[in-house]
Enquirer: 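Sending over a structure as structure tokens; questions will come in a sec.
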Amino acid sequence: MLEGYAPGYGRDAVSMMSARTAAERATFAQPLFGPGTWVVDLGCGPGSITLGLAAESRVTGVDLDAGQVALARAAARRAGRSTVDYVVASAYDLPFASGSVDVAFSHALFEHLAAPLDALAELHRVLKPGGRLALSTSDWSKARLRPKTANVDAALRGHYLLRRQAGGNPFAGRVIADQCATAGFTEIVSRARYRSDMSYRDLARYVETRLEAALREEGRDRDQLASAARSAWVWTRGGDGDFSQCWVEVTATR
């Protein structure tokens with residue numbers, strides 16, 4: 001299956017990613033960051049979380065998109081973080097020696113991967129024996145939306161379809177702990193955390209925009225996507241509501 005980043009790199013998506021911070025997104029991982037450790041942030045995007053990780057340690061952000069790495073490097077220069085660097089690389093082929101990394105962190109990546117087990121195997125390879133893994137991935141099946149009307153459900157089904165067409169799994173949080181075990185990790189601890197990543201109305205606009213963009217291109221499942229887009233149109237023009245996303249946070253040991 002082809003793999004792509006379903007949200008894309010439009011202004012709204014990059015703005016959303018850039019607003020994320022370690023204080024908010026990496027609290028569960030902070031106890032793992034000791035002084036002098038080497039931390040790798042896989043799928044770092046524009047680097048807003050990376051900059052807040054492990055202030056007394058070396059931190060390397062990794063992203064497949066060169067544009068995101070350029071944004072991250074610029075942010076690090078502005079912040080004066082000389083212990084943070086970034087590389088362009090695939091999650092399946094990291095440019096690090098086996099057994100060299102102390103902690104591997106990742107937020108909002110694994111739901112977009114076509115081969116998450118391969119990425120976990122690569123993290124297992126680069127971590128030192130006893131090294132720690134900390135990752136967070138979403139589970140849309142447990143997202144809380146009120147009201148959740150028939151149009152909201154239909155629009156979200158189209159949103160999930162786009163995620164799958166890009167190679168991802170919108171329900172990755174359901175299986176990530178088991179996948180960590182399959183990849184050879186031990187001492188696995190998993191918990192769900194809910195966050196209001198965006199407003200109910202902003203989510204409606206976000207979903208509508210993605211569905212409309214997909215329909216402007218030649219692709220599969222056009223009838224289903226067109227139906228979902230009509231439902232998203234109704235949702236966007238409806239009333240306000242509440243939305244909180246379910247993030248599954250996992251820590252484990254190599």
Side-chain angles (χ1 to χ4, degrees), residues 20-45 47 49-63 83-84 87 89-143 168-195 197 244-254:
R20 295 169 175 169
T21 66
E24 169 189 30
R25 305 285 170 154
T27 303
F28 75 104
Q30 292 293 352
L32 309 181
F33 303 143
T37 56
W38 181 18
V39 179
V40 167
D41 179 9
L42 185 61
C44 65
I49 294 176
T50 320
L51 284 178
L53 298 177
E56 298 180 354
S57 302
R58 173 190 175 193
V59 182
T60 303
V62 179
D63 204 279
T83 58
V84 176
V87 297
S90 167
Y92 309 121
D93 186 19
L94 296 173
F96 310 131
S98 298
S100 61
V101 175
D102 295 293
V103 182
F105 173 83
S106 183
H107 173 74
L109 171 68
F110 276 78
E111 61 266 33
H112 300 295
L113 295 180
L117 281 172
D118 291 347
L120 287 169
E122 183 66 350
L123 289 176
H124 194 275
R125 179 187 70 79
V126 302
L127 280 167
K128 295 177 179 178
R132 302 303 304 277
L133 173 71
L135 63 86
S136 175
T137 190
S138 58
D139 181 359
W140 278 94
S141 72
K142 294 181 180 177
N169 176 6
F171 311 135
R174 284 181 179 176
V175 296
I176 190 65
D178 289 341
Q179 290 174 335
C180 288
T182 300
F185 288 95
T186 61
E187 299 178 334
I188 299 166
V189 177
S190 174
R191 60 161 290 177
R193 185 188 300 271
Y194 283 85
R195 292 191 184 89
D197 287 344
S244 57
Q245 179 61 285
C246 176
W247 291 95
V248 178
E249 298 174 342
V250 174
T251 58
T253 301
R254 194 265 197 223

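This structure is a prediction, so every number in the text was calculated from the model and none was measured.
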Enquirer: Do any side-chain atoms of residues 246-254 form donor-acceptor pairs under 3.5 angstrom with protein atoms, and if so which ones, sequence neighbours left out?
Expert:
from	atom 1	to	atom 2	distance (Å)
Trp247	NE1	Asp197	OD2	2.9
Glu249	OE1	Arg193	NE	3.1
Glu249	OE1	Arg193	NH2	3.3
Glu249	OE2	Arg193	NE	2.9
Glu249	OE2	Arg195	NH2	3.1
Thr253	OG1	Arg132	NE	3.0
Thr253	OG1	Glu187	OE1	2.6
Arg254	NE	His124	O	3.0
Arg254	NE	Leu127	O	3.2

Enquirer: What I'd like to find out is whether the side chain of Val59 reaches to under 4.5 Å of the side chain of Phe33, using heavy atoms alone.
Expert: no
Enquirer: Between Gln245 and Asp139, what is the shortest heavy-atom contact and its length?
Expert: OE1-O, 3.6 Å
Enquirer: How about Leu53 and Val103: do any of their side-chain heavy atoms sit closer than 4.5 Å?
Expert: no
Enquirer: Phe96: which residues meet the ring-ring contact (aromatic ring centres under 6.0 Å, His included) condition with it, sequence neighbours left out?
Expert: Trp38
Enquirer: Run the side-chain donor-acceptor check on residues 171-183: report pairs under 3.5 Å with partners two or more places apart or on a different chain.
Expert:
from	atom 1	to	atom 2	distance (Å)
Arg174	NE	Ser141	OG	3.1
Thr182	OG1	Asp178	O	3.1

Enquirer: Looking at every heavy atom in both Ala119 and Phe110, which two are closest together, and how far apart are they?
Expert: CB-CE2, 3.9 Å
Enquirer: What I want to check is whether the side chains of Arg125 and Ser98 have a donor and an acceptor closer together than 3.5 Å.
Expert: yes
Enquirer: Restricting to side chain to side chain donor-acceptor pair (under 3.5 Å), what partner residues turn up for Ser106, sequence neighbours left out?
Expert: none
Enquirer: Determine which pairs satisfy salt bridge (charged side-chain N to carboxylate O under 4.0 Å, His left out) with at least one residue from residues 34-43, sequence neighbours left out, and list them in order.
Expert: none
Enquirer: At what distance, to the nearest 0.5 angstrom, does CG of Leu42 lie from CG of Leu113?
Expert: 7.5 Å
Enquirer: Can any side-chain N or O of Ser90 pair as donor or acceptor with the backbone N or O of Tyr92 at less than 3.5 Å?
Expert: yes
Enquirer: Measure the shortest side-chain to side-chain distance between Leu109 and Leu135 over non-hydrogen atoms and say whether it is less than 4.5 angstrom.
Expert: no
Enquirer: Please evaluate residues Leu133 and Ile188 with respect to the criterion side chain to side chain contact (heavy atoms under 4.5 Å, CB included), reporting the C-alpha separation (whole Å), side-chain torsions for both, the decisive distance (0.1 Å), and the verdict.
Expert: CA-CA 9 Å; Leu133 173 71; Ile188 299 166; over 6 Å; no
Enquirer: Can you name the nearest heavy-atom pair linking Gln30 to Gly52, along with the distance?
Expert: NE2-O, 3.8 Å
Enquirer: To check you understand the geometry: which heavy-atom pair defines the closest contact between Gly61 and Cys44, and what is its length?
Expert: C-SG, 3.7 Å
Enquirer: For the CD atom of Glu56 and the OG1 atom of Thr83, what is their distance to the nearest 0.5 Å?
Expert: 10.0 Å
Enquirer: To the nearest 0.5 Å, tell me how far Thr137 OG1 sits from His112 NE2.
Expert: 7.5 Å
Enquirer: Are Phe105 and Leu32 close enough that some pair of their side-chain heavy atoms sits under 4.5 Å apart?
Expert: no
Enquirer: Can you list every salt bridge (charged side-chain N to carboxylate O under 4.0 Å, His left out) pair that touches residues 94-108, not counting sequence neighbours?
Expert: Asp102-Lys128
